Amino acid sequence: MKFDRILTQSEYVQPGDVVISAGWYPADKVIKDSLKQGALLVFCAEEHKANYPQSNVIGVRDPLKCVQSYEKWKCARIPAKRITITGSVGKTTTTGLINKVISDHYKTFVGNSMSNSHGAILRNIQKLTHRYEYWVQEVGGVMPGYVESSACVIRPDIVVLTNIGESHLNTYQTQQNIFIDKSSLERYAKRRGAVVICYDDDILRNAKYKHKVITCSMNNSKADYYAKNIHTTMEGICFTAVCPDGEYETKLRLYGEYNVYNALFAIAVGRLSHVPMQNILKSISEYQPSGMRQNYVNIGGYSMMIDVFNAEPKTVLGSAVTLTQMPKPKGKKIFITGHIDKLGDDSVRMHEKLGHDLAKLDLDQVIFYAGDSKYTYKAMVDDGCTNALLMDTREDLDNWVRENVTRDDIVFFKSGQFEAALVKTIDHVFGTNLQNEQQYNNGTLVEKDGYAIRLRKDNIAEIEKYTGEETDLVLPADYEGVPVLRIRPFAFSKNQQIRSVVIPDSVNYIGQEAFYQCTSLQTVKLPKNLKIIGKNAFNYNKSLSEVDIPEGTIHIDRHAFFDCIGLQKITIPDSVGYLGDDVIGCSKHLHNDPTVCVGNSEYVQHYLTEHHAKFETVTE
């Protein structure tokens, strides 16, 4: 029987896939959803088979063993050296840095930044081919035995243990249990393998290992790799890396001293993998995070540090400390955080302690939202702080950000992706699409009148593609009541037929190259709730003659209207706080000189002057 993939998570099932309900996810949901989505076969435990008479649901004695047998069979045929990274916090950034170091030097399989679950590792194994020299794999843990179920399959050459913290204490119960599961990667490592550990973590430093141990420390000279002269600039962290073969000046495009650990791990792994030191330093200096994790961005002129995928008390405090270390802005330093997920029975105590620790920091404003963060807020107030506020609802939080955050401030958003989920507030207020990076948010693709529409969590619809034959388009405002908020990147790219487009007012985001090279497009009506126009969104629309960008738009990225040689007039409102490179203008071999109408915005006028574009000031 021919099949496409073997999966354990129903969220990713497509017709032709085989699914094994291995025990990590609710069996009934996996079976029902997989069948509904067209799975070819579903294997499950014998006790669950009794509820499903279908012939393509097959009961087996040990589903997890079935998965592992298949994984081992696949891995045995792949020669790539394997580097695994795990720990309570910092593992994703460490993985990103190691990926950069190794992939810049070797042919490396690099998975998605969130591909650290058992199901994701299974999917990655099926993507490996003989052409890869290295495989870098983050491994996440959610309950006892979870990491070990992958460790026995991967059999890594190099293991990185970042730290043992407090994440997932609701399932592991103790930090020792966390260590036992995560360190299974070291126990299953190949005979000549090595483990890189954080020397400053008491549990990791005092543990016994079977393989060669390489240690990294923030400042302890007993470690194999340690740092000194750590300081923060607007560009990121700088420090001296003290290594077995010398001292090296190191720069990161990351903020927060805790990232020094991540860089040292990457340096140690690079040296174990025989990457020249200068290559390592170049790679880590170029590494740039994106999306929901440690991402310093300018959206519409608002300076934001976004780290909203994962959190525990230690990293929330570390993030707040990072904000205090950043250069003083013209305005305020605002720290926004919320309930910390998965702390178990100690959640209230941990939130309270965090509040007492935050009370010692010099921050202009601290905002709390959701769940047990009320105890963090109360602790700060009890310690005499007057700079803390507690938001009761998401709407209250969104409105506070809209009404109080200015372009002179630096705002640090720090939370996990579940109860507090500050990523939602960022999207609501600034028109970003960061929620798309949440786990299990690939959404469902549906069709309506020639439009492919992606339905995502939180009542969001996005236009992904148009395959119809109409030339004058009025885009749908909703799909069965779900509002269309975004035009996906490349949605209408290179469509040579469309002549006019009316975009519904519900849309706040137009993605990269959404209307790129729509050479027949003459008119476009932009939505009144628009916030962001992505890179090259209307680039090379040679028939487009006039564009009126609505008030409220804050961000227009590079080349948004570049090489629109027929453009005669474009209006840019005062609300715009970010204009990328060459938003308007033409390549050297083309020519256009549109009239640019602006208001009183000094930023917009300065930008146009710098780019030698003539403009007219229009006031109501």
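This is a predicted model, so every value here is computed, not measured.
Under the side chain to side chain contact (heavy atoms under 4.5 Å, CB included) criterion, S184 pairs with V147, E148, A151, D181, R187, Y188, sequence neighbours left out. Under the rule for a ring pair (Phe, Tyr, Trp, His ring centres under 6.0 Å), F179 has no partner lying at least two apart in sequence or in another chain. For D574, the side chain to side chain contact (heavy atoms under 4.5 Å, CB included) partners at least two apart in sequence or on another chain are N600, S601. In this view, S150 and H118, I121, I154 satisfy the side chain to side chain contact (heavy atoms under 4.5 Å, CB included) rule, not counting sequence neighbours.
When only modelled atom types and interatomic distance are considered, N298 and S303 share no side-chain donor-acceptor pair under 3.5 Å. Side chains of S115 and E138: no donor on one and acceptor on the other come within 3.5 Å. R454 and T444 share no donor-acceptor pair across their side chains, judged by distance under 3.5 Å alone. Under 3.5 Å, the side chains of Q435 and D458 contain a donor-acceptor pair of N or O atoms. Between the side chains of Q417 and N310, no donor-acceptor pair of N or O atoms lies under 3.5 Å. Between D383 and H356, the side chains place a donor N or O and an acceptor N or O closer than 3.5 Å (distance only, hydrogens not considered). In this structure, a donor-acceptor pair under 3.5 Å is absent between the side chains of T324 and D362.
Residues Y25 and T8 form a side-chain contact, since some pair of their non-hydrogen atoms from C-beta on lies under 4.5 Å apart. Residues E166 and Q175 form a side-chain contact, since some pair of their non-hydrogen atoms from C-beta on lies under 4.5 Å apart. In this structure, L579 and Y603 have side chains that are in contact, with non-hydrogen atoms separated by less than 4.5 Å. In this structure, V401 and T425 have side chains that are in contact, with non-hydrogen atoms separated by less than 4.5 Å. Looking at S88 and T162, their side chains never come closer than 4.5 Å, going by heavy atoms from C-beta outward. Counting heavy atoms from C-beta outward, Y258 and Q294 have side chains that approach closer than 4.5 Å. Taking 4.5 Å as the limit, every side-chain heavy atom of V13 sits out of range of all side-chain heavy atoms of D33. Looking at heavy atoms from C-beta onward, M218 lies in side-chain contact with Y261 at the 4.5 angstrom threshold.
For E395, the CD atom sits in a loose shell: 12 or fewer heavy atoms of surrounding residues, nucleotides or ligands are nearer than 6.0 Å. For K528, the NZ atom sits in a loose shell: 12 or fewer heavy atoms of surrounding residues, nucleotides or ligands are nearer than 6.0 Å. Within a 6.0 Å radius of NZ in K330, no more than 12 heavy atoms belonging to other residues, nucleotides or ligands are found.
Separation of atoms CD (Q288) and CG (L252) is listed at 11.0 Å; rounding is to 0.5 Å. The distance from atom CD1 of I367 to atom OG of S373, rounded to the nearest 0.5 Å, is 11.0 Å.
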Using salt bridge (charged side-chain N to carboxylate O under 4.0 Å, His left out), reason through R394 and D398 one step at a time and then give a plain yes or no. CA-CA 6 Å; R394 174 78 62 188; D398 293 355; 5.1 Å; no
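A salt bridge does not link E235 with R253: none of the charged nitrogens is closer than 4.0 Å to a carboxylate oxygen. Classification of K29 and E11 as a salt-bridged pair holds, one side-chain N sitting under 4.0 Å from a carboxylate O. Between D357 and K353, at least one side-chain nitrogen of the basic residue sits less than 4.0 Å from a carboxylate oxygen of the acidic one, meeting the salt-bridge criterion.
A distance below 6.0 Å separates the ring centres of Y302 and F430.
Of the options I83, T84, N262, a side chain to side chain contact (heavy atoms under 4.5 Å, CB included) to I98 is made by I83 and by none of the others.
Here salt bridge (charged side-chain N to carboxylate O under 4.0 Å, His left out) pairs that include residues 296-325, with residues two or more places apart or in two chains, are D307-K414.
For the pair R123 and Y12, the cation sits on the ring face: its NZ or CZ lies under 6.0 Å from the ring centre, inside 45° of the axis.
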Check residues 479-490 and write down every donor-acceptor pair under 3.5 Å in which the side-chain atom is one partner and the other belongs to a residue at least two apart or another chain.
from: R486; atom 1: NH1; to: N436; atom 2: OD1; distance (Å): 2.8
from: R486; atom 1: NH1; to: E462; atom 2: OE2; distance (Å): 3.0
from: R486; atom 1: NH2; to: D427; atom 2: OD2; distance (Å): 3.4

